[in-house]
Protein chains: 2
Amino acid sequence: MRIGEVAERAGVPIKTIRYYEEIGVLASARRLPSGYRDFEPEVVERLRFVRASQALGLTLGEIREIVAYRDHGDAPCAYVLELLRHRRDQCAARIAELRLAEQALDALVERSAHLRPEDCPATGVCHLISREA
Amino acid sequence: MRIGEVAERAGVPIKTIRYYEEIGVLASARRLPSGYRDFEPEVVERLRFVRASQALGLTLGEIREIVAYRDHGDAPCAYVLELLRHRRDQCAARIAELRLAEQALDALVERSAHLRPEDCPATGVCHLISREA
DNA sequence: CTTGACTCTCCAGTGCACTGGATGCTTTAC
DNA sequence: GTAAAGCATCCAGTGCACTGGAGAGTCAAG
């Protein structure tokens, strides 16, 4: 299967597939006499795996580690589990941060309803934000 | 005030201050005969404003716009308000995304408690993740 | 007067994940 | 046979916000 078909089936740009190969997320593809890459059909599945992992917040570096385990013949389960746990914690932490920011933003937007531009002091940049400091 | 003192008072690295000046987040500082930057004390306040804005998720590009309003003599209130609203909506959207990812990760971690490595199929990379696709 | 701390500019690199463009060979369709 | 589509490599750029280092000038203390 040539790169264009893989790209279409997996829904990943051609450039990206070559990039994945370059950084080791995909193994180097076999070549046709023409020099064209010749992929196994399984690579489509692997690309979906990569995209699914990305959607969960794993980095390409982590994904490369996972597929390296598999390509060495080991089941990556324990490593994957560790990554997933870590990533879940990061998620939770990030959500907490964003909630705080959201609340602060909400309070600011709310407060602005009660302010008139004339109340702006001449000093500083914008007391809407800087009073927050 | 020289750059080192500003850096210390505002808690911002020297390099970063020069960078802010370069991209227009800070106005170009006056210079001493030696060539050293000579800052007004107010720049410390402005740096705090920049950091507070960043903490709310505004980009340096947006912050530059805000201070540009102020430096042209206009109160940036309306513009700031628009940014804040937009940013709040982005925040909410991102939180929703992360919640989904968190739930998926949680389900995966949970499920892994009931799987043994022996159950791993030989094909694919890791069915823990790829079944999710 | 020397040493060390401070500052200057300029260039380049980081991290992450791509993306674009130039240039040229190969394959496919008509 | 020719034109278009597909593929190849290589280099370089994107966006964001810095960060590091080289090489050189300046200032304060002893």
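Throughout, a chain's letter reflects where its sequence line sits, starting with A, and its residues are numbered from 1.
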Determine: side-chain N/O of [X] to OP1/OP2 of [N], distance under 4.0 Å, yes or no.
X	N	value
A/S34	C/dT27	yes
A/T16	C/dA17	no
A/R37	D/dA8	yes
A/R18	C/dA17	no
B/R2	C/dA5	no
B/Y20	D/dA17	no

- Could you check whether A/R51 gets within reach of a base, just the sugar-phosphate, or nothing at all, counting any heavy atom under 4.0 Å?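 Since only primed, P, OP1 and OP2 atoms lie under 4.0 Å of A/R51, the category is sugar-phosphate.
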- Message: Students often get this wrong, so: under 4.0 angstrom with heavy atoms, is A/I14 touching a base, only sugar-phosphate, or nothing?
- Response: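 Since only primed, P, OP1 and OP2 atoms lie under 4.0 Å of A/I14, the category is sugar-phosphate.
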Euclidean distance, atom [atom1] of residue [X] to atom [atom2] of [N] [Å, nearest integer]:
X	N	atom1	atom2	answer
A/I3	D/dA5	CD1	P	19 Å
A/I17	C/dG20	CD1	C1'	17 Å
B/Y19	D/dG21	OH	P	19 Å
B/L58	D/dC16	CG	P	13 Å
A/E8	D/dC7	CD	P	10 Å
B/L60	D/dC18	CG	C1'	9 Å
B/Y36	C/dT7	OH	C1'	4 Å
A/I23	C/dC18	CD1	P	8 Å

- Of the non-hydrogen atoms in A/F39 and A/I17, which two are nearest, and what is the gap between them?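 Answer, listing the atom of A/F39 first, then A/I17: CZ-CG2, 3.9 Å.
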- If each of B/K15 and B/G35 is mapped to the nucleotide of DNA chain D with the nearest heavy atom, which maps nearer the 5' terminus, i.e. the 5' end?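 Mapping each residue to its closest nucleotide by heavy atoms, the 5'-most match is B/K15.
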Ion pair present between [X] and [Y], side-chain N to carboxylate O less than 4.0 angstrom?
X	Y	answer
B/R48	B/E45	yes
A/E5	A/R9	yes
A/E102	A/R99	no

- Item | Working for side chain to side chain contact (heavy atoms under 4.5 Å, CB included), residues A/L108 and B/L56 | CA-CA 10 Å; A/L108 254 32; B/L56 291 174; 3.6 Å; yes
